[in-house]
Amino acid sequence: MLTATEFTRQLMGLRDQYRADNAWVGNWRSGSWNDENTMAHYIHCAYNLYRATATNMLKLTVLGGTQIRLDDAYIRNFGITGANGIQDRTTKEHVYAEVMRRIGRTTNPSPTADRNPAPVVRSGSILSEKGWTPILNDALIIGAAAGRQQFALALTSAEQLRWERINGDKVTRFAVNASRFGETPALKNAWKSFFNASKKMFFDGGNPRVFARELLGLYFFGYKPEYSWHQLIFRPPQGGVVRPTFNLYLDELRNVNFHTGDQTRIMQAISNLLFDEPGALGQPWTRRRLAV
(Lines give C-alpha, C1' and ligand atoms only; values in the text may rest on other atoms or scores of the structure.)
Protein backbone atom coordinates (compact mmCIF):
# COMPACT_ATOMS: atom_id res chain seq x y z
CA MET A 1 0.00 0.00 0.00
CA LEU A 2 1.29 3.45 -0.92
CA THR A 3 2.00 5.99 1.78
CA ALA A 4 0.23 9.34 1.59
CA THR A 5 3.47 10.95 0.39
CA GLU A 6 4.05 8.37 -2.36
CA PHE A 7 0.43 8.54 -3.45
CA THR A 8 0.46 12.33 -3.63
CA ARG A 9 3.78 12.41 -5.50
CA GLN A 10 2.49 10.03 -8.17
CA LEU A 11 -0.73 11.93 -8.75
CA MET A 12 0.86 15.37 -8.71
CA GLY A 13 3.06 14.11 -11.52
CA LEU A 14 -0.04 13.02 -13.47
CA ARG A 15 -2.30 15.99 -12.79
CA ASP A 16 -1.78 17.57 -16.23
CA GLN A 17 -2.64 14.27 -17.92
CA TYR A 18 -5.82 14.01 -15.88
CA ARG A 19 -6.70 17.58 -16.82
CA ALA A 20 -6.04 17.02 -20.51
CA ASP A 21 -8.04 13.79 -20.69
CA ASN A 22 -10.94 14.98 -18.50
CA ALA A 23 -11.28 18.63 -19.45
CA TRP A 24 -14.91 18.72 -18.33
CA VAL A 25 -13.79 18.70 -14.67
CA GLY A 26 -11.88 21.89 -15.35
CA ASN A 27 -15.12 23.44 -16.60
CA TRP A 28 -16.98 22.93 -13.32
CA ARG A 29 -18.29 26.23 -12.04
CA SER A 30 -17.21 25.33 -8.54
CA GLY A 31 -14.47 22.89 -7.75
CA SER A 32 -12.52 23.19 -11.00
CA TRP A 33 -9.33 21.19 -10.68
CA ASN A 34 -7.49 23.70 -12.87
CA ASP A 35 -6.90 25.44 -9.55
CA GLU A 36 -3.85 23.88 -7.88
CA ASN A 37 -5.31 24.02 -4.36
CA THR A 38 -8.49 22.33 -5.55
CA MET A 39 -6.46 19.65 -7.31
CA ALA A 40 -4.50 19.04 -4.09
CA HIS A 41 -7.80 18.64 -2.24
CA TYR A 42 -9.06 16.10 -4.78
CA ILE A 43 -5.84 14.10 -4.50
CA HIS A 44 -6.20 14.10 -0.72
CA CYS A 45 -9.77 12.79 -1.05
CA ALA A 46 -8.54 10.08 -3.44
CA TYR A 47 -5.94 8.94 -0.93
CA ASN A 48 -8.55 8.73 1.82
CA LEU A 49 -10.61 6.45 -0.41
CA TYR A 50 -7.58 4.41 -1.47
CA ARG A 51 -6.75 3.75 2.18
CA ALA A 52 -10.36 2.89 3.08
CA THR A 53 -10.61 0.50 0.15
CA ALA A 54 -7.45 -1.29 1.24
CA THR A 55 -9.04 -2.01 4.65
CA ASN A 56 -12.37 -3.24 3.30
CA MET A 57 -13.32 -6.17 5.57
CA LEU A 58 -15.34 -7.92 2.85
CA LYS A 59 -12.42 -7.73 0.40
CA LEU A 60 -15.02 -6.77 -2.18
CA THR A 61 -15.87 -3.70 -4.25
CA VAL A 62 -19.37 -3.43 -5.71
CA LEU A 63 -19.73 -1.84 -9.16
CA GLY A 64 -22.84 -0.56 -10.88
CA GLY A 65 -24.98 2.46 -11.65
CA THR A 66 -25.30 5.42 -9.32
CA GLN A 67 -28.64 4.08 -8.06
CA ILE A 68 -26.96 1.29 -6.08
CA ARG A 69 -25.65 3.77 -3.52
CA LEU A 70 -29.27 4.83 -2.92
CA ASP A 71 -30.50 1.27 -2.38
CA ASP A 72 -31.24 0.38 1.25
CA ALA A 73 -30.68 -3.36 0.79
CA TYR A 74 -27.31 -2.91 -0.89
CA ILE A 75 -26.19 -0.49 1.82
CA ARG A 76 -27.24 -2.85 4.63
CA ASN A 77 -25.37 -5.77 3.11
CA PHE A 78 -22.25 -4.16 1.70
CA GLY A 79 -21.82 -0.74 3.35
CA ILE A 80 -20.43 2.36 1.68
CA THR A 81 -17.00 3.91 1.51
CA GLY A 82 -17.72 7.43 2.80
CA ALA A 83 -14.05 8.15 3.47
CA ASN A 84 -14.58 11.84 2.67
CA GLY A 85 -18.22 12.12 3.67
CA ILE A 86 -21.38 10.66 2.16
CA GLN A 87 -22.42 11.96 -1.24
CA ASP A 88 -26.24 11.76 -1.22
CA ARG A 89 -28.89 12.63 1.35
CA THR A 90 -30.80 9.40 0.67
CA THR A 91 -27.63 7.40 1.26
CA LYS A 92 -27.10 9.21 4.57
CA GLU A 93 -30.63 8.31 5.65
CA HIS A 94 -30.11 4.63 4.82
CA VAL A 95 -26.76 4.60 6.61
CA TYR A 96 -28.25 6.18 9.74
CA ALA A 97 -31.12 3.69 9.75
CA GLU A 98 -28.72 0.74 9.46
CA VAL A 99 -26.45 2.10 12.20
CA MET A 100 -29.47 2.36 14.51
CA ARG A 101 -30.55 -1.18 13.59
CA ARG A 102 -27.11 -2.49 14.50
CA ILE A 103 -27.10 -0.59 17.78
CA GLY A 104 -30.47 -2.16 18.55
CA ARG A 105 -29.14 -5.64 17.83
CA THR A 106 -26.19 -4.95 20.14
CA THR A 107 -28.31 -3.81 23.06
CA ASN A 108 -30.98 -6.46 22.44
CA PRO A 109 -29.10 -9.43 20.97
CA SER A 110 -30.98 -12.19 19.22
CA PRO A 111 -29.48 -15.59 18.37
CA THR A 112 -31.22 -15.49 14.98
CA ALA A 113 -30.14 -11.95 14.03
CA ASP A 114 -27.81 -11.50 11.09
CA ARG A 115 -24.29 -10.47 11.97
CA ASN A 116 -22.72 -8.39 9.24
CA PRO A 117 -19.07 -7.74 10.22
CA ALA A 118 -18.59 -5.02 7.61
CA PRO A 119 -18.94 -1.44 8.88
CA VAL A 120 -21.82 0.36 7.24
CA VAL A 121 -19.64 3.41 6.49
CA ARG A 122 -15.96 4.39 6.06
CA SER A 123 -14.70 1.14 4.50
CA GLY A 124 -17.71 -0.48 2.87
CA SER A 125 -17.95 -1.87 -0.65
CA ILE A 126 -20.14 0.72 -2.43
CA LEU A 127 -18.69 4.04 -3.59
CA SER A 128 -20.32 7.12 -2.07
CA GLU A 129 -17.93 10.03 -1.71
CA LYS A 130 -17.83 13.78 -1.49
CA GLY A 131 -15.06 15.27 -3.60
CA TRP A 132 -15.69 12.89 -6.51
CA THR A 133 -13.44 13.17 -9.58
CA PRO A 134 -12.04 10.61 -12.06
CA ILE A 135 -8.94 10.54 -9.83
CA LEU A 136 -11.02 9.40 -6.87
CA ASN A 137 -12.78 6.74 -8.95
CA ASP A 138 -9.46 5.43 -10.24
CA ALA A 139 -8.19 5.29 -6.65
CA LEU A 140 -11.09 2.97 -5.82
CA ILE A 141 -10.18 0.53 -8.60
CA ILE A 142 -6.42 0.71 -8.01
CA GLY A 143 -6.75 0.34 -4.24
CA ALA A 144 -8.93 -2.74 -4.53
CA ALA A 145 -6.81 -4.25 -7.32
CA ALA A 146 -3.61 -3.65 -5.37
CA GLY A 147 -5.18 -5.62 -2.52
CA ARG A 148 -6.24 -8.36 -4.97
CA GLN A 149 -9.84 -7.93 -3.91
CA GLN A 150 -12.85 -9.15 -5.84
CA PHE A 151 -15.33 -6.96 -7.67
CA ALA A 152 -19.02 -7.70 -8.13
CA LEU A 153 -21.69 -6.20 -10.36
CA ALA A 154 -24.81 -4.93 -8.63
CA LEU A 155 -27.82 -4.37 -10.87
CA THR A 156 -30.22 -1.50 -10.35
CA SER A 157 -33.91 -2.31 -10.00
CA ALA A 158 -34.50 -1.47 -13.67
CA GLU A 159 -31.59 -3.67 -14.72
CA GLN A 160 -32.87 -6.52 -12.56
CA LEU A 161 -36.24 -6.32 -14.31
CA ARG A 162 -34.50 -6.34 -17.70
CA TRP A 163 -32.47 -9.40 -16.70
CA GLU A 164 -35.69 -11.19 -15.70
CA ARG A 165 -37.44 -10.20 -18.92
CA ILE A 166 -34.57 -11.44 -21.10
CA ASN A 167 -33.33 -14.44 -19.14
CA GLY A 168 -35.84 -15.33 -16.43
CA ASP A 169 -37.18 -18.37 -18.30
CA LYS A 170 -33.62 -19.69 -18.80
CA VAL A 171 -32.80 -19.95 -15.09
CA THR A 172 -33.96 -23.54 -14.66
CA ARG A 173 -32.78 -26.08 -12.12
CA PHE A 174 -30.96 -27.94 -14.89
CA ALA A 175 -29.17 -24.76 -16.06
CA VAL A 176 -28.14 -23.80 -12.52
CA ASN A 177 -26.83 -27.30 -11.76
CA ALA A 178 -24.91 -27.41 -15.05
CA SER A 179 -23.23 -24.07 -14.31
CA ARG A 180 -21.81 -25.45 -11.05
CA PHE A 181 -19.32 -27.39 -13.15
CA GLY A 182 -18.18 -24.25 -14.98
CA GLU A 183 -19.48 -21.66 -17.37
CA THR A 184 -21.80 -23.00 -20.04
CA PRO A 185 -22.53 -21.47 -23.47
CA ALA A 186 -26.11 -20.83 -22.36
CA LEU A 187 -24.90 -18.91 -19.30
CA LYS A 188 -22.47 -16.68 -21.19
CA ASN A 189 -25.04 -16.08 -23.94
CA ALA A 190 -27.56 -15.01 -21.32
CA TRP A 191 -25.20 -12.36 -19.99
CA LYS A 192 -24.24 -11.35 -23.51
CA SER A 193 -27.92 -10.82 -24.38
CA PHE A 194 -28.43 -8.79 -21.22
CA PHE A 195 -25.47 -6.48 -21.84
CA ASN A 196 -26.39 -5.98 -25.48
CA ALA A 197 -29.83 -4.85 -24.30
CA SER A 198 -28.27 -2.60 -21.63
CA LYS A 199 -25.85 -0.41 -23.54
CA LYS A 200 -26.69 2.63 -21.45
CA MET A 201 -24.74 0.94 -18.68
CA PHE A 202 -21.62 1.78 -20.71
CA PHE A 203 -22.50 5.00 -22.59
CA ASP A 204 -24.91 7.84 -22.01
CA GLY A 205 -25.59 10.31 -24.80
CA GLY A 206 -22.41 9.29 -26.60
CA ASN A 207 -20.19 9.71 -23.52
CA PRO A 208 -18.58 6.78 -21.69
CA ARG A 209 -19.96 6.24 -18.21
CA VAL A 210 -17.91 5.69 -15.07
CA PHE A 211 -18.88 2.00 -15.09
CA ALA A 212 -17.14 1.63 -18.47
CA ARG A 213 -14.01 3.25 -17.02
CA GLU A 214 -14.12 0.85 -14.07
CA LEU A 215 -14.48 -2.23 -16.28
CA LEU A 216 -11.54 -1.07 -18.37
CA GLY A 217 -9.46 -0.83 -15.21
CA LEU A 218 -10.25 -4.46 -14.43
CA TYR A 219 -9.28 -5.40 -17.99
CA PHE A 220 -5.98 -3.52 -17.79
CA PHE A 221 -5.12 -5.12 -14.43
CA GLY A 222 -5.77 -8.69 -15.56
CA TYR A 223 -9.09 -9.44 -13.87
CA LYS A 224 -11.36 -12.18 -15.23
CA PRO A 225 -15.16 -12.45 -15.02
CA GLU A 226 -16.87 -15.36 -13.32
CA TYR A 227 -20.51 -15.81 -14.30
CA SER A 228 -23.39 -17.50 -12.56
CA TRP A 229 -27.13 -17.30 -13.11
CA HIS A 230 -27.39 -14.98 -10.11
CA GLN A 231 -24.29 -12.81 -10.17
CA LEU A 232 -21.22 -11.61 -12.03
CA ILE A 233 -17.96 -11.26 -10.14
CA PHE A 234 -14.43 -10.41 -11.24
CA ARG A 235 -11.47 -12.25 -9.75
CA PRO A 236 -7.85 -11.01 -9.68
CA PRO A 237 -5.28 -12.68 -11.94
CA GLN A 238 -3.70 -15.86 -10.63
CA GLY A 239 -0.39 -15.64 -12.51
CA GLY A 240 1.60 -12.92 -14.26
CA VAL A 241 0.12 -10.32 -11.93
CA VAL A 242 -0.06 -6.81 -13.33
CA ARG A 243 0.90 -4.13 -10.80
CA PRO A 244 -1.98 -1.63 -10.77
CA THR A 245 -0.72 1.94 -11.05
CA PHE A 246 -2.19 5.27 -12.08
CA ASN A 247 0.35 5.55 -14.90
CA LEU A 248 -0.74 2.24 -16.38
CA TYR A 249 -4.43 3.07 -15.99
CA LEU A 250 -4.14 6.44 -17.74
CA ASP A 251 -1.89 5.15 -20.53
CA GLU A 252 -4.23 2.25 -21.31
CA LEU A 253 -7.27 4.55 -21.23
CA ARG A 254 -5.55 6.65 -23.86
CA ASN A 255 -4.80 3.53 -25.92
CA VAL A 256 -8.54 2.88 -26.27
CA ASN A 257 -9.25 6.60 -26.81
CA PHE A 258 -11.39 6.86 -23.70
CA HIS A 259 -10.76 10.61 -23.57
CA THR A 260 -12.35 11.06 -27.02
CA GLY A 261 -15.26 8.70 -26.37
CA ASP A 262 -14.21 6.22 -29.06
CA GLN A 263 -17.12 3.84 -28.61
CA THR A 264 -15.79 1.16 -30.93
CA ARG A 265 -12.39 0.88 -29.25
CA ILE A 266 -13.82 1.12 -25.74
CA MET A 267 -16.48 -1.52 -26.32
CA GLN A 268 -14.01 -3.85 -28.02
CA ALA A 269 -11.87 -3.78 -24.87
CA ILE A 270 -14.87 -4.31 -22.59
CA SER A 271 -16.06 -7.15 -24.84
CA ASN A 272 -12.63 -8.76 -24.52
CA LEU A 273 -12.86 -8.50 -20.74
CA LEU A 274 -16.36 -9.94 -20.52
CA PHE A 275 -16.39 -12.52 -23.31
CA ASP A 276 -12.89 -12.82 -24.82
CA GLU A 277 -14.19 -11.60 -28.18
CA PRO A 278 -13.96 -7.98 -29.34
CA GLY A 279 -17.29 -8.01 -31.17
CA ALA A 280 -19.41 -9.55 -28.43
CA LEU A 281 -21.03 -6.23 -27.54
CA GLY A 282 -21.23 -5.05 -31.10
CA GLN A 283 -22.76 -2.46 -33.28
CA PRO A 284 -24.60 -0.26 -33.69
CA TRP A 285 -23.08 2.26 -31.33
CA THR A 286 -23.91 5.91 -31.84
CA ARG A 287 -20.87 8.00 -32.69
CA ARG A 288 -22.44 11.20 -31.41
CA ARG A 289 -20.51 12.89 -28.59
CA LEU A 290 -22.15 15.67 -26.63
CA ALA A 291 -20.30 18.75 -25.51
CA VAL A 292 -19.83 18.89 -21.75
Side-chain angles (χ1 to χ4, degrees), residues 25 28-31 33 38 41-42 44-141 143-144 149-164 198 200-201 204 209-215 230-233:
V25 181
W28 287 354
R29 291 183 180 178
S30 61
W33 65 8
T38 302
H41 169 70
Y42 286 144
H44 175 73
C45 289
Y47 178 74
N48 289 342
L49 176 62
Y50 170 84
R51 183 175 57 186
T53 302
T55 59
N56 181 328
M57 290 183 64
L58 294 178
K59 304 298 182 184
L60 173 72
T61 295
V62 178
L63 306 179
T66 57
Q67 295 89 341
I68 68 172
R69 66 173 184 256
L70 309 178
D71 188 289
D72 184 37
Y74 281 139
I75 292 170
R76 288 200 313 269
N77 284 285
F78 300 108
I80 64 167
T81 55
N84 301 288
I86 301 172
Q87 188 170 3
D88 303 287
R89 185 180 67 181
T90 300
T91 307
K92 289 181 181 179
E93 292 170 353
H94 290 324
V95 166
Y96 177 76
E98 176 60 13
V99 168
M100 297 308 295
R101 275 193 290 266
R102 295 187 184 190
I103 291 173
R105 290 197 294 266
T106 300
T107 56
N108 299 286
S110 167
T112 60
D114 292 333
R115 294 284 186 263
N116 188 342
V120 68
V121 70
R122 298 284 310 169
S123 58
S125 298
I126 298 173
L127 178 66
S128 178
E129 292 290 334
K130 290 183 177 179
W132 185 92
T133 62
I135 290 176
L136 185 140
N137 221 97
D138 293 354
L140 175 77
I141 302 301
Q149 299 182 13
Q150 292 186 15
F151 293 82
L153 172 63
L155 301 181
T156 66
S157 57
E159 291 162 357
Q160 291 171 12
L161 290 173
R162 189 178 308 122
W163 168 267
E164 289 295 326
S198 308
K200 283 192 175 180
M201 293 177 69
D204 183 22
R209 304 190 73 160
V210 170
F211 179 57
R213 187 185 186 104
E214 293 168 342
L215 288 181
H230 304 292
Q231 67 177 3
L232 168 57
I233 63 174

S.K.: Suppose the criterion is salt bridge (charged side-chain N to carboxylate O under 4.0 Å, His left out): which pairs have a residue in residues 121-131, not counting sequence neighbours?
M.R.: none
S.K.: Would E98 and R101 satisfy salt bridge (charged side-chain N to carboxylate O under 4.0 Å, His left out), going step by step from the backbone distance to the final call?
M.R.: CA-CA 5 Å; E98 176 60 13; R101 275 193 290 266; 2.8 Å; yes
S.K.: Find out whether L127 and L136 are in side-chain contact, i.e. whether some heavy atom of one side chain is under 4.5 Å from a heavy atom of the other.
M.R.: yes
S.K.: Is there a donor-acceptor contact under 3.5 Å from the side chain of S128 to the main chain of Q87?
M.R.: yes
S.K.: Which value, rounded to the nearest 0.5 Å, describes the distance between I135 atom CD1 and L140 atom CG?
M.R.: 14.0 Å
S.K.: I'd like to know if the side chain of E159 and the backbone of S198 have a donor-acceptor N/O pair within less than 3.5 Å.
M.R.: no
S.K.: Below 4.5 Å, heavy atoms only, C-beta onward: do T38 and W28 meet side chain to side chain?
M.R.: no
S.K.: Can you list the residues that meet the ring-ring contact (aromatic ring centres under 6.0 Å, His included) rule with W163, with sequence neighbours excluded?
M.R.: W191, F194
S.K.: Sequence neighbours excluded, which residues qualify as ring-ring contact (aromatic ring centres under 6.0 Å, His included) partners of F211?
M.R.: F202
S.K.: Nearest 0.5 Å please: distance from the CD1 atom of I80 over to the OG atom of S123.
M.R.: 10.5 Å
S.K.: Would you please test M201 and L153 for side chain to side chain contact (heavy atoms under 4.5 Å, CB included) and show each step?
M.R.: CA-CA 11 Å; M201 293 177 69; L153 172 63; 4.2 Å; yes
S.K.: Between atom CD1 of I141 and atom CZ of R213, what is the distance when rounded to the nearest 0.5 Å?
M.R.: 10.0 Å
S.K.: Measure the shortest side-chain to side-chain distance between T81 and T61 over non-hydrogen atoms and say whether it is less than 4.5 angstrom.
M.R.: no
S.K.: Provide the closest heavy-atom pair for T156 versus Q67 in the form atom of the first, atom of the second, distance.
M.R.: CG2-OE1, 3.5 Å
S.K.: Check residues 90-97 and write down every donor-acceptor pair under 3.5 Å in which the side-chain atom is one partner and the other belongs to a residue at least two apart or another chain.
M.R.:
unit_1, atom_1, unit_2, atom_2, d
T91, OG1, R69, O, 2.6
H94, NE2, L70, O, 3.1

S.K.: Where the side chain of N84 meets the backbone of G131, is there a donor-acceptor pair that is under 3.5 Å apart?
M.R.: no
S.K.: Please give me the minimum heavy-atom distance between Y50 and A139, naming the atom from each residue.
M.R.: CD1-O, 4.0 Å
S.K.: For I233, check side chain to side chain contact (heavy atoms under 4.5 Å, CB included) against everything at least two apart and list the hits.
M.R.: Q150, A152, E226, Q231, R235
S.K.: Run the ring-ring contact (aromatic ring centres under 6.0 Å, His included) test against Y42 and tell me which residues pass, sequence neighbours left out.
M.R.: none
S.K.: How long is the span from the CG atom in L49 to the CG atom in N137, to the nearest 0.5 Å?
M.R.: 8.0 Å
S.K.: Can you tell me how far apart CG (D71) and CG (L155) are? Round to the nearest 0.5 Å.
M.R.: 11.0 Å
S.K.: Does the side chain of T133 reach to within under 4.5 Å of the side chain of W33, using non-hydrogen atoms?
M.R.: yes
